[in-house]
K.L.:
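First the structure, which I've put down as structure tokens, then a few questions once you've had a look.
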Amino acid sequence: MNQQLKYVPVFRGLQEEFKILKTFDFGKNIFPCIEIVKEIDHKVRQPKEGSGKPEKPEKTFVESYLPLIGRIKSEKVFIDLPVQLKQNDKMNAASLLFLRTVVTIRDKRTEYMLKLASLKDFIIPVISTYSQITGERGSIRLQEQALRSTFTNIAFRTFMETFSTDIEYIKELARRDDYVLMDWGNNDLDLTEGDQEDIVKELQGLNCTIIFHRNPIPEEVTNVSLVNDEVVEKIDNSHIEKYQLFGGHCFSDYVG
């Protein structure tokens with residue numbers, strides 16, 4: 001169990017977030033988590049048309065992310081290819097393609113995780129169930145078996161909707177130096193609510209590090225709706241004060 005870890009900020013590949021990942025010293029108490037949602041971080045800038053210069057080859061997944069991850073100043077970094085991210089036609093085309101051709105295919109997602117194996121002692125791969133995507137049973141165990149021999153630690157990400165099934169695999173597979181990222185999503189936190197109470201009891205029985213993740217910004221709050229210099233009243237950061245009551249050893253949210 002990690003006694004030093006206090007905060008897991010989740011990044012989702014925005015340009016300003018990448019700047020922070022390259023420059024900020026996270027120290028010993030913060031492990032960033034990167035949700036990779038595109039095949040490459042950005043396209044290679046090509047010569048102007050008519051310049052006579054040949055086109056440059058596009059970067060690969062490994063060429064995009066290994067240098068970035070390797071520059072992060074922290075003791076560990078979580079890497080997630082987020083299976084829970086909902087696809088829609090308004091999504092960036094590159095992200096939509098990556099989700100459909102890599103993330104939602106279990107074997108392919110695992111293959112991409114293993115592409116980062118040269119940083120195996122630094123990276124903690126995050127795995128989640130495919131029960132809500134393909135209906136496959138035992139997908140957590142299959143991913144754990146495929147990654148365990150390569151990576152030092154593994155993180156299991158679970159959600160309220162899938163917890164009752166996920167926890168049976170997690171109890172079987174999680175080791176003392178592993179992590180469980182309990183993702184509460186946008187749910188209001190209430191220990192008198194039966195399902196939440198049951199989840200907390202199960203989490204308290206695990207012998208590994210529990211990360212309490214919640215999105216403090218409601219879905220209806222958008223960038224364009226924000227008013228300069230005004231407090232955003234709908235943001236709820238109470239998880240910072242509640243995470244220990246809900247079985248967490250440290251807390252997490254979307255840093256961007």
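Throughout, residue positions are numbered sequentially from 1 according to the sequence presented.
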K.L.:
Cluster question for you: counting only ILVMFWY and a side-chain heavy-atom cut-off of under 4.5 Å, with indirect links fine, are Phe163 and Ile154 together?
P.N.:
yes
K.L.:
Please report the closest heavy-atom contact between Thr101 and Leu97, naming both atoms and the distance.
P.N.:
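So the minimum-distance heavy-atom pair works out to OG1-O, 2.6 Å.
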K.L.:
For salt bridge (Lys or Arg N to Asp or Glu O under 4.0 Å), just list the numbers for Arg141 and Glu144, CA-CA rounded to whole Å, side-chain angles, deciding distance to a tenth of an Å, and then say yes or no.
P.N.:
CA-CA 5 Å; Arg141 181 189 290 116; Glu144 189 268 349; over 6 Å; no
K.L.:
Of all heavy-atom pairs between Leu119 and Gly70, which one has the smallest distance, and what is that distance?
P.N.:
CD1-N, 3.9 Å
K.L.:
Check the pair Asp80 / Arg157 against salt bridge (Lys or Arg N to Asp or Glu O under 4.0 Å), numbers first and verdict last.
P.N.:
CA-CA 9 Å; Asp80 195 2; Arg157 189 170 187 171; 2.7 Å; yes
K.L.:
State whether the number of non-hydrogen atoms from other residues, nucleotides or ligands found under 6.0 Å of Lys171 atom NZ is greater than 12.
P.N.:
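Yes, enclosed.
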K.L.:
Please check if the number of heavy atoms outside Asp188 that lie under 6.0 Å from its CG is greater than 12.
P.N.:
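Counting neighbours around CG of Asp188, 12 or fewer heavy atoms of other residues, nucleotides or ligands fall under 6.0 Å, so no.
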K.L.:
Relative to each other, are the rings of Tyr65 and Phe18 parallel, tilted or perpendicular (30° and 60° limits)?
P.N.:
tilted
K.L.:
Looking at Met182, is its backbone amide N or carbonyl O close enough to the side chain of His213 to form a donor-acceptor pair, meaning the two atoms are under 3.5 Å apart?
P.N.:
no
K.L.:
If you look at every heavy atom in Ser128 and Gln143, which pair is closest and at what distance?
P.N.:
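So the two residues come closest at O-NE2, 2.8 Å.
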K.L.:
Hey, are Lys38 and Asn92 close enough side-chain-wise for a donor-acceptor pair under 3.5 Å?
P.N.:
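Lys38 and Asn92 do not have a side-chain donor-acceptor pair below 3.5 Å.
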K.L.:
Using distance alone, with no hydrogens and no angle criterion, decide if Thr209 and Asn2 have a side-chain donor and acceptor under 3.5 Å apart.
P.N.:
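No.
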K.L.:
Treating Arg109 as the side-chain partner and Leu81 as the backbone partner, does any N or O pair qualify as donor plus acceptor under 3.5 Å?
P.N.:
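At least one qualifying donor-acceptor pair exists.
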